[in-house]
Trainee: 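Quick one: the structure is below, questions incoming.
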Amino acid sequence: MNGQPVVEPTAMPLTGRLGRAPSAVLHEHVLAPQFQFEADHLLGWYRVVERVLLAEYARMGLVTEPEAAAIAALLDTATADRITADPAANLSDICLALERHVLAGLATVPSAWHVDRSRNDIQATAQLLYARSELLDIAEALVEVTRVARRRAAAVTHLPMPGYTHLQAAQVSTPGFFLSALVEHCLRTLRRLLATYDEINLSPLGAGALTGQELPWDRDRMALLLGCAGPYPHALTAVASRAWALEIAGELSHFGVGTSRFVTDLMAWASSAYGFVELPDELAGISAAMPQKKNYPVLERIRGRTAHLTSLALDLATAQRATPYSNMVEVSKEGGAHLHDLFRSARGVLALLRTVLENLDWRPEAMRAACDREFLGGFTLANRLTLDEKVPWRTAQVIVGRYVRAKLAAGDPLDRPDASLLAGLAEAAGYRLTDPAARLRGLDSGGQLAVKCSAGSARPDHVRDLLDRQGVALDALAGQLGRRRATVEAALREVHGLFAVGSPTGARGPA
């Protein structure tokens, strides 16, 4: 506790078991790249963890307050440009590099500093805190995408467009109805991301290497200082499991699969074959060969990047399967090698999707014309023949199908009612209609929206009601996210206020 003279760090060996530093090939291909990644993305979290451990040493009386303050001040100076992967000095390990950096600046070394601790739980904690921060950032970006989708949907609930099943025009829909489905998809993902956050927000710190630690570490206090709900209750799970990575990746993969389907529709509708929607020139591309073309590669980019979410989730799962359930570099390092790529891809998808949604320009004339070409009131007409004329349902379907076929054969526009044709077809099937003209009224695209009455339908007032409810749900989810963010920020402020040195790292966590 009183310390002892410092031996020069370069003269103090890190291990008595190994006689030589890591080989050049191991350093070049494994250790140095890993070190650089952690220095760029996890170093701030390692410093937070070190401060929490330091607070516990002080609580247990193993370091004095002045000693703790000196160590904390040196930890603050351990920035990415001041620590390097050095096979001889720190075995190219970031935890050992932090230790060496602090030792080099101390006049005396508290003998108990670093006693009864392992890199296993420290690494697991830093990785989890990094992923937790990324999860919050991605969820908050998804909130903004959802707000944009909802706002754009509210403006186009009344515009008729064909809805498709089996890639064929089926019923009258609206862009607002389509976008409200995207909102539902986003809300579901937000709920699941929040549940995932709550599930993973447990601290591995204090679990040690495998079976726990020998000093009375206050794991509950350490967890609270990290903004976690509590510690992992099982030491082995704390250091062996990276289930949290699989859970985050799984939810992002699910989001990507659904998003790619919505984008596929936009790709089709923005094509010259449909012409339902257009994007501005700044979101378009050209053909180098065909000057008449206006391409939309931004949509292809979004759909392409959603594929990365699934492939990277699979990569994380494949790296963990068939490994022993203990701390393994294969799991803790190689298994998470592409976790940052997963987060970057998710952020890219959300940024591009938000920009596309903000700039969509729907083409009402083209959408209405497509509805009129297809006689999308066929379902309504069959219902009317059954409900109003007492024609059995399957027979009514056959009569309407023959009506459409006869109109097409005659080259007669489907949107021009022909009461005598309908009456004749019904009579040929054994049924005399009381008012065939009335059955054909209101089958246009606008009328088709008005006849829907079931909950969740495309009827404009139903969609507007749904969007209102979605807005309430979105605000509630955003509030929940904000409270979780505030808990983390408050914990970080407390950590950085320890020992009255340093300053808070900012609202978003370590840099």
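Any value given below was found using the heavy atoms of this structure, including those in side chains, with hydrogens, waters and symmetry copies removed.
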Trainee: Kindly check if the number of other-residue, nucleotide or ligand heavy atoms within 6.0 Å of CD (Glu199) is above 12?
Mentor: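 No, the 6.0 Å shell around CD holds no more than 12 heavy atoms from other groups.
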Trainee: Looking at the rings of Phe255 and His185, which for Trp means the six-membered one, are their centres under 6.0 Å apart?
Mentor: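 Here the rings of His185 and Phe255 have centres that are less than 6.0 Å from each other.
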Trainee: Using every non-hydrogen atom in the two residues, find where Leu266 and Trp362 come nearest and quote the distance to one decimal.
Mentor: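 Scanning both residues, the minimum pair turns out to be CD2-CH2, 4.1 Å.
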Trainee: Does any part of the side chain of Arg363, heavy atoms only, come nearer than 4.5 Å to the side chain of Val277, both counted from C-beta?
Mentor: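 Val277 vs Arg363: side chains apart.
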Trainee: Is it true that atom NE2 of His114 has more than 12 heavy atoms of other residues, nucleotides or ligands lying nearer than 6.0 Å?
Mentor: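 Counting other residues, nucleotides and ligands, NE2 of His114 exceeds 12 neighbours.
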Trainee: Is it true that Asp461 and Arg464 have a side-chain N and a carboxylate O under 4.0 angstrom from each other?
Mentor: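 Judged by the 4.0 Å cut-off on N to carboxylate O distance, Asp461 and Arg464 do not form a salt bridge.
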Trainee: How far apart are the closest heavy atoms of Thr487 and Gly227, and which atoms are they?
Mentor: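 The pair with the smallest heavy-atom distance is CG2-O, 4.3 Å.
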Trainee: Between Thr77 and His101, is there a side-chain donor-acceptor contact under 3.5 Å, judged purely by atom types and distance?
Mentor: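 Note: His101 and Thr77 side chains meet the donor-acceptor criterion.
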Trainee: Less than 4.5 Å apart, side chain to side chain, heavy atoms only: is that true for Leu129 and Val49?
Mentor: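 Yes. Closest side-chain heavy atoms under 4.5 Å.
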Trainee: Could you check whether Gln34 and Glu38, counting side-chain N and O atoms only, form a donor-acceptor pair closer than 3.5 Å?
Mentor: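 Short answer, yes.
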Trainee: Could you check if a side-chain atom of Leu498 sits within less than 4.5 angstrom of a side-chain atom of Leu54, using non-hydrogen atoms only?
Mentor: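 No, their side chains stay 4.5 Å or more apart.
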Trainee: Indicate yes or no: at least one non-hydrogen side-chain atom of Thr306 is less than 4.5 angstrom from one of Phe262.
Mentor: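 Contact flag for Thr306/Phe262 side chains = no.
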Trainee: Under 3.5 Å, is there a donor on one side chain and an acceptor on the other for Thr79 and Asp81?
Mentor: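 Looking only at side-chain atoms, Asp81 and Thr79 do form a donor-acceptor pair, the distance falling under 3.5 Å.
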Trainee: Examine distances only and state if a side-chain atom of Asn90 and a backbone atom of Ser92 form a donor-acceptor pair shorter than 3.5 Å.
Mentor: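 Yes; at least one donor-acceptor contact below 3.5 Å.
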Trainee: With a 3.5 Å cut-off and no angle check, do the side chains of Ser203 and Arg219 form a donor-acceptor pair?
Mentor: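 Short answer, no.
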Trainee: How about Arg485 and Val488: do any of their side-chain heavy atoms sit closer than 4.5 Å?
Mentor: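 The answer is no; the side chains never approach within 4.5 Å.
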Trainee: Are Asp361 and Arg152 close enough for a salt bridge, meaning some N to O gap below 4.0 Å?
Mentor: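 Here Asp361 does not pair with Arg152 in a salt bridge, since their nearest N and O are not under 4.0 Å apart.
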Trainee: Tell me yes or no: between the side chains of Asp444 and Gln448, is some donor less than 3.5 Å from an acceptor?
Mentor: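 Side-chain D/A pair, Asp444 to Gln448: absent.
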Trainee: So does Arg301 have more than 12 non-hydrogen atoms from other groups sitting under 6.0 Å from CZ?
Mentor: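 Atom CZ in Arg301 is not packed in, count stays at 12 or less.
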Trainee: For Trp269 and Phe178, I'd like to know if the aromatic rings sit close, meaning centre-to-centre distance below 6.0 Å.
Mentor: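 Trp269 vs Phe178: aromatic centres under 6.0 Å.
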Trainee: Using a strict threshold of under 4.0 Å (side-chain N to carboxylate O), is an ion pair present between Arg119 and Asp93?
Mentor: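 Yes, this pair counts.
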Trainee: Is the number of heavy atoms from other residues, nucleotides or ligands under 6.0 Å of Leu26 CG greater than 12?
Mentor: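 Enclosed: over 12 neighbouring heavy atoms sit under 6.0 Å from CG of Leu26.
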Trainee: A side-chain contact here means heavy atoms from C-beta on lying under 4.5 Å apart; do Leu179 and Leu357 qualify?
Mentor: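 Leu179 vs Leu357: side chains touch.
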Trainee: May I ask you to say whether Arg484 pairs ionically with Asp198, meaning some side-chain N is under 4.0 Å from a carboxylate O?
Mentor: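 Between Asp198 and Arg484 there is a salt bridge, with a charged N closer than 4.0 Å to a carboxylate O.
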Trainee: List the steps, then state whether side chain to side chain donor-acceptor pair (under 3.5 Å) holds for Ser345 with Arg305.
Mentor: CA-CA 6 Å; Ser345 294; Arg305 289 197 179 189; over 6 Å; no
Trainee: Is Arg188 salt-bridged to Glu184, cutoff N-O under 4.0 Å?
Mentor: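 Looking at Glu184 together with Arg188, the answer is no, because their closest N to O distance does not fall below 4.0 Å.
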Trainee: Test Arg117 against every option in Glu99, Glu50, Glu56 by the salt bridge (charged side-chain N to carboxylate O under 4.0 Å, His left out) rule and name the one that passes.
Mentor: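 The residue from Glu99, Glu50, Glu56 that satisfies salt bridge (charged side-chain N to carboxylate O under 4.0 Å, His left out) with Arg117 turns out to be Glu50.
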Trainee: Is Lys293 atom NZ crowded by more than 12 heavy atoms from other residues, nucleotides or ligands, each under 6.0 Å away?
Mentor: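 Open: at most 12 neighbouring heavy atoms sit under 6.0 Å from NZ of Lys293.
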Trainee: Could you tell me whether Arg303 and Glu300 make a salt bridge, using a distance below 4.0 angstrom between a side-chain N and a carboxylate O?
Mentor: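 Judged by the 4.0 Å cut-off on N to carboxylate O distance, Arg303 and Glu300 do not form a salt bridge.
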Trainee: Side chains of Thr174 and Pro160, heavy atoms from C-beta outward: is any pair under 4.5 Å?
Mentor: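 No; the side chains remain at least 4.5 Å from each other.
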Trainee: Is the distance between the ring centroids of Phe343 and Tyr130 under 6.0 Å?
Mentor: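 Yes, they do, as the ring centres are separated by less than 6.0 Å.
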Trainee: Measure the shortest side-chain to side-chain distance between Met161 and Pro364 over non-hydrogen atoms and say whether it is less than 4.5 angstrom.
Mentor: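 No, side chains not in contact.
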Trainee: Please report the shortest heavy-atom distance between Tyr46 and Cys95, naming the atom on each side.
Mentor: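 Minimum heavy-atom separation between Tyr46 and Cys95: CE2-SG, 3.6 Å.
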